[in-house]
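One structure is given here, and the rest of the page talks about it.
Convention: sequence-line order gives letters A, B, ...; per-chain numbering from 1. None of the values given here were measured: they were computed from a predicted structure.
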Amino acid sequence: MILDGKCPTGPIQETWDKHRFDLKLVNPANKRKYNVIVVGTGLAGGAAAASLGELGYNVQAFCYQDSPRRAHSIAAQGGINAAKNYPNDGDSIYRLFYDTIKGGDFRAREADVWRLAQVSNNIIDQCVAQGVPFARDYAGYLDNRSFGGAQVSRTFFARGQTGQQLLLGAYSALSRQIKAGTVKMYDRREMLDLVVVDGVARGITVRNLVNGQLESYAADAVCLCTGGYVNVFYLSTNAMGCSVTANWKAHKKGAYFANPCYTQIHPTCIPQAGDYQSKLTLMSESLRNDGRVWVPKKKEDCGKHPNEIAEDDRDYYLERKYPSYGNLAPRDIASRAAKEQCDDGRGVGPGGRGVYLDFADSIKRLGEDTIRERYGNLFEMYEKITDENGYKRPMRMYPAPHYAMGGLWVDYNLMSNIPGLFVLGEANFSVHGANRLGASALMQGLADGYFVIPYTIGGYLATVKPGQVKADHAEFKKSVEDVTAEQNKYLSINGKKTVFEFMRELGGLMWENCGMARTKESLETNLKKIPALREEFWKNVKVTGSGAELNQQLENAGRTADFLEFSELLCRDALHRNESCGGHFRVEYQDAGEAQRDDVNYCYVGAWEYKGDNKEPELHKEPLKFDNVHLAVRSYK
Amino acid sequence: MSDHKTMTLTLIVWRQKNANDPGKFETYTAKNITEHHSFLEMLDCVNEDLIHSGKDPIVFDHDCREGICGMCSQVINGAPHGGQDRTTVCQLHMRKFKDGDTIYIEPWRARAFPIIRDLIVDRSALDKIIQAGGYTSCHTGGVADGNAILIPKPVADEAMDAAECVGCGACVAGCPNGAAMLFTGAKVSQLALLPQGKAEAAERVMNMSNAMTECGFGNCTNHYECQAACPKGINVKFIARMNREFLKAQFA
Ligand SMILES: Cc1cc2nc3c(=O)[nH]c(=O)nc-3n(C[C@H](O)[C@H](O)[C@H](O)COP(=O)(O)OP(=O)(O)OC[C@H]3O[C@@H](n4cnc5c(N)ncnc54)[C@H](O)[C@@H]3O)c2cc1C
Ligand code: SF4
Ligand code: FES
C-alpha cells in the first residue's frame, strides 16, 4: 500500500499557516467534554498535556516515573535550536529547514520539517516566559552557541542542563494545569496496551507500578509521547526505564512502525568500563566546539599516557578528513570515523575502544576558567565516572546508541494510521529523516507538544462525538485479560536466567550486528539469533515475586519481551534498505567510506504493519518528494 | 576488561515489603565489585545473585543513572546520597569504598515521604508544592519575544543556580525536621529573581509555603543539613531569600 502523509501542498512557506486555517475547531464550550489521554510527560507529553489542558480539554496524563519531572528529556545537555538569527550570522527559518532536511540525509518530509523550523522561534519565547533560565550575555540578551553539524550559532542553552530546564518549564506549565483541574496526573503507571474499538483508538491499559493493579482508561483520543527505543542496544545513553513497550503494543494493535532502522549513535560518550555496566553516559557534543578529537598515529603509542604522545604522532582524523567541518562533523559521520580508527587498532583505553577529546589547545587559548564556565558540569561528571581530570589529560570517548529517528508512522497531523492515536516527540518518526542534527530533538518535542498537537487534535476531535466508548467496554476487559495472562506467564516460567541477562545478550547482538555498521550477513545472523533468544526467554526467564505488588523484575521482563520482538523488526528494516543513509550504514553501500544513498529505489518512508506473532510484517511505503531542497549527496568535506 | 582488584562488601539494607510492613534490616554480601562499579551497579550485582537464589531483589528508585533525573534516593551510612560532595547515589562510585567495608543502606526517612517498598518512598508531596505555585501563569503562544525581556547575566546565572534542583528530596531526608525549605526556596528564588516571575511572586511564596505545611514537611531551624545533603549544591541563601519574599508578601 502507498501511504499518504496528508501533507499540505503549495508554496512551502505557506503550508502550515494555510493548514492551520483549514483545520476544524472545537467549540470552546465543548472542549471539556472531550477526554484526551497523554502517555508520557517528557518535553513532548508534558508540553502537550499542559497546552491541551489549558485549551480546556479534559486530560489524563501518565508516566512510569514517580513524577512527570523525571522524563528522560531531563538528561539533554547541549541545547535547543531556533531560527532566531539573533547573532546575525545568516540563519533563517529556511536555513534551519534546509539544514534539517540535508542533515536527515533526505529521508524526512519537507512539510513537517518546514513547520518545525517555523515554530522553533515560538518555543524559545514560550520557555523564556515560563522562567527557563537560558544563558544570557552581560547586556541581558539571550546567548547562542553553534552545535553539531551547523555553521550558524542557533543553539540556545541553559548551562549543560538545557533539557532539564526545558522539562522543568513544561512540568511547571503542567503543574499549573493539574492544580487547575484540567489535567489529572497518573504517575508510576506503565502503559501495557492500547485499546482499539472498531478501528479507532479508545484508551489504554496501564499497570499501577505501586500495587500491580491493571487499570483501564478510556478517551476520545490517545497521544503517545513515550520517547525513543535505543535501549534495544541494552547499553545506551537512555534512562534505565526507556523502552519500546508503549509503541510496540500500539504497533501490535495496528499502528505502523516507520523506519525502525534509523538509530543514532552519538560520537561522544564515556566508554564502557566493564561487563557489569548498566548504561552509558553522554558527554554533550558541544564539547566538540572546543575539544579536538584524535587518536595516536602509531598503534604502539596507544598504551602511552596521551600527554606523552608528540603532536606529530597524533592523528586529528576529523580535521584531516572533513576540513570544512572538522571536529563539528555531524554525529553519524563522527561516530563512524571513531569506529574506523578503533577498528584500525588505534583506539585508546579499555579494549582499545576509545578516542581522545582534547582541550589542551582551547585551555591555552581561552584559559581553564573559560572552559570551566562553558562545560564545568561535564568535566565534573566525567571525573566522577572515570576518576580522570579532563582539564589535565584528554577525555576518552566512544560512540554509543543515543536516539531513535524511527518511530510510529504519523501523518502531517501527527496522527498514526489508527484514527484517534497521535504520536509525538521521539516516539514518532517524522522530522529527522535518517539522522538527527544536534539540539533538534528538544525542539521537536516542544514543537509537537506546544504548537502542533493543540491545533491538529482539534481537527480530529471536531469530527467525532465525545465519550462514545467507556472503560467498561468489552475491549477494555479483554485487554486487561491479555495483559494479565502475559504477566502470569513471566512469573510462572521460573527459569535460570534473569531478565538482565537476556537484555544484555540481545543488546550485544544488536550492537555487534546492527550497530554502527551493518551488512547483509550480520543482519541475517540476527534474524536467526533473535527468534532463538526470544524462544529461550519464554522458556528460561526467571522473575521472582508476584504481579500484585511493586515488582521491578516484572516491569523489566515486559520491556525485554517487547525489545525481543521489536529488535527483529529493526533488523528486518535494516536488511531491506539496501542503501546507506544517515545513521543506517550498510557496509556494502559506500563510496570510499562515505554513505551511499540510493534515491532511485529507497527515497521513501518504510512503514511496517504487524501481521501476527512470528509472521512476516508487511511493508508500506510513503514516497518522499523534494520540491524545495534538491536531492544531493550529503558532503561535509 | 576485567579488573584485577575486586572488593567484597557487607551490606545492611532496609527491607520493607509495603507501606504496612514494619520493615527490618537484612545483611547481604556484595562480591567481585570493582572500583569502577557505580553504587547502583553494585546493587544490581547483589540483586542478580538474589534473583538466582529465588529471593526478591532489593527495590530502589533510579532511572537516568547520570545524576539529573532526581529519581535515585538512598541514605548510605547515614548520609543522603552517600555524602560525596555534589553527587547523587547513581553517580557515586565504588572507588569511594574499600574491601571489607560494611555499608548501611536506608530509604529517605521523613514524615512527608511514606515508604512504598524497601528503598522506595513516595515523594509526590514535592509535586504538590510545585502545583501550589511553582510556575508563571503564561499561556502557550501568547508571549513576547525572548529578547524583549532583558536579564543581565549575573541574574540569569543566579536563577540558574537555583533552578539546578533535581527534586530528589535529599534535603528533606537530611533535615532533622524533615523540612522542604531548600527545595521550595530554590524554586521560589528562581522565579523571584527573574522578571517573568515577579508579577506573581507574593502569591507564589504564600501558596507554596502553605503547601509545605499541608504536606507534612517540618519547619526550618537553620541546621543547614539540607545544603550538605544536596547533590546539586543548592545554597541555603535561597532559603534566606524565600524568607525575605515571604515577609515582603505578608506586608504587601
Ligand atoms: C543524554 C541525552 C542527551 C541529549 N541531548 C540533547 C540535546 O542537547 N539537544 C536535543 O535537542 N536533544 C537531546 N537529546 C534528545 C532528547 O533529549 C530526546 O529526544 C527528547 O527529550 C525526547 O523527548 P520525549 O518527550 O519524546 O520523550 P521522553 O523525555 O523520553 O519522555 C518519555 C515519557 O514517556 C513516559 N513513558 C514511556 N513509556 C511509557 C509507558 N509504557 N507507560 C507510561 N509512560 C511511559 C516516560 O515516563 C516519560 O514521561 C538527548 C538525549 C539524551 C539521552
Ligand atoms: S534542593 Fe537539592 S537535595 Fe533538595 S530536592 Fe533539590 S536537588 Fe535534591
Ligand atoms: S538515577 Fe537519575 S539522578 Fe540518580
Toward chain A, the part of [X] with a non-hydrogen atom under 4.5 Å:
{"X": "B/Val166", "answer": "both"}
{"X": "B/Ile120", "answer": "side chain"}
{"X": "B/Gln190", "answer": "side chain"}
{"X": "B/Ile116", "answer": "side chain"}
{"X": "B/Lys128", "answer": "neither"}
{"X": "B/Leu194", "answer": "side chain"}
{"X": "B/His37", "answer": "both"}
{"X": "B/Asn18", "answer": "neither"}
{"X": "B/Asn32", "answer": "neither"}
{"X": "B/His62", "answer": "side chain"}

In Å and rounded to the nearest 0.5 Å, what is the [atom1] to [atom2] distance from [X] to [Y]?
{"X": "A/Asp125", "Y": "B/Thr140", "atom1": "CG", "atom2": "OG1", "answer": "12.5 Å"}
{"X": "A/Asp66", "Y": "B/Asp127", "atom1": "CG", "atom2": "CG", "answer": "7.0 Å"}
{"X": "A/Ser67", "Y": "B/Asp61", "atom1": "OG", "atom2": "CG", "answer": "11.0 Å"}

I'd like to verify something: which residue of [options] has the highest number of heavy-atom pairs under 4.5 Å with chain B?
{"options": "A/Gln177, A/Glu549, A/Met381", "value": "A/Glu549"}
{"options": "A/Phe451, A/Tyr86, A/Phe156", "value": "A/Tyr86"}
{"options": "A/Lys496, A/Gln553, A/Lys497, A/Lys279", "value": "A/Lys279"}
{"options": "A/Ala139, A/Gly131, A/Gly163, A/Pro454", "value": "A/Gly131"}
{"options": "A/Lys84, A/Met185, A/Arg188", "value": "A/Arg188"}
{"options": "A/Arg176, A/Met240, A/His72, A/Gln552", "value": "A/Arg176"}

Answer with side chain, backbone, both or neither: which region of [X] has an atom nearer than 4.5 Å to a non-hydrogen atom of chain B?
{"X": "A/Gln130", "answer": "both"}
{"X": "A/Glu383", "answer": "backbone"}
{"X": "A/Gln165", "answer": "side chain"}
{"X": "A/Asn121", "answer": "neither"}
{"X": "A/Ile178", "answer": "side chain"}
{"X": "A/Ser73", "answer": "neither"}

What is the minimum heavy-atom distance between [X] and [Y], and which atoms define it?
{"X": "A/Leu168", "Y": "B/Cys165", "result": "CD1-O, 4.1 Å"}
{"X": "B/Ala163", "Y": "A/Pro133", "result": "CB-CG, 3.8 Å"}
{"X": "A/Ser175", "Y": "B/Tyr135", "result": "C-CE2, 4.2 Å"}
{"X": "B/Ala156", "Y": "A/Arg136", "result": "CB-CG, 3.6 Å"}
{"X": "B/Lys153", "Y": "A/Glu373", "result": "NZ-OE2, 2.9 Å"}
{"X": "A/Ala273", "Y": "B/His36", "result": "CB-CB, 4.3 Å"}

Check: [Y] and [X] side chains under 4.5 Å, non-hydrogen atoms:
{"X": "A/Lys542", "Y": "B/Ile51", "value": "yes"}
{"X": "B/Asp157", "Y": "A/Arg159", "value": "yes"}
{"X": "B/His52", "Y": "A/Thr498", "value": "yes"}

Inset, instruction - Using a cut-off of 6.0 Å, state whether more than 12 heavy atoms not belonging to A/Tyr186 lie near its atom OH. - result: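 Yes, the 6.0 Å shell around OH holds more than 12 heavy atoms from other groups.
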Legend entry - Heavy-atom neighbours of B/Glu26 CD exceed 12 at 6.0 Å: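 Yes, enclosed.
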Legend entry - Residues from residues 196-210 of chain B approaching chain A under 4.5 Å (heavy atoms): B/Gln196
Inset, instruction - Sort by residue number and list every member of residues 63-72 of chain B having a non-hydrogen atom under 4.5 Å from chain A. - result: B/Asp63, B/Cys64, B/Arg65, B/Glu66, B/Ile68, B/Cys69, B/Gly70, B/Met71
Legend entry - Under 3.5 Å: donor-acceptor pair, side chain of B/Thr136, backbone of A/Ala129: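 Present.
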Give the member of [options] that has the highest number of heavy-atom pairs under 4.5 Å with chain A.
{"options": "B/Ala144, B/Cys45, B/Gly133", "value": "B/Ala144"}
{"options": "B/Gly146, B/Gly134, B/Ala132", "value": "B/Gly146"}
{"options": "B/Asp56, B/Leu193, B/Asn47", "value": "B/Asp56"}
{"options": "B/Ser137, B/Pro195, B/Ser38", "value": "B/Ser137"}
{"options": "B/Leu126, B/Leu191, B/Asp145", "value": "B/Asp145"}
{"options": "B/Arg95, B/Met42, B/Arg117, B/Gln91", "value": "B/Arg95"}

Inset, instruction - Would you mind checking if A/Asp187 and B/Arg123 are paired as a salt bridge, meaning a charged N to carboxylate O distance below 4.0 Å? - result: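 A salt bridge is absent here (no side-chain N lies under 4.0 Å from a carboxylate O).
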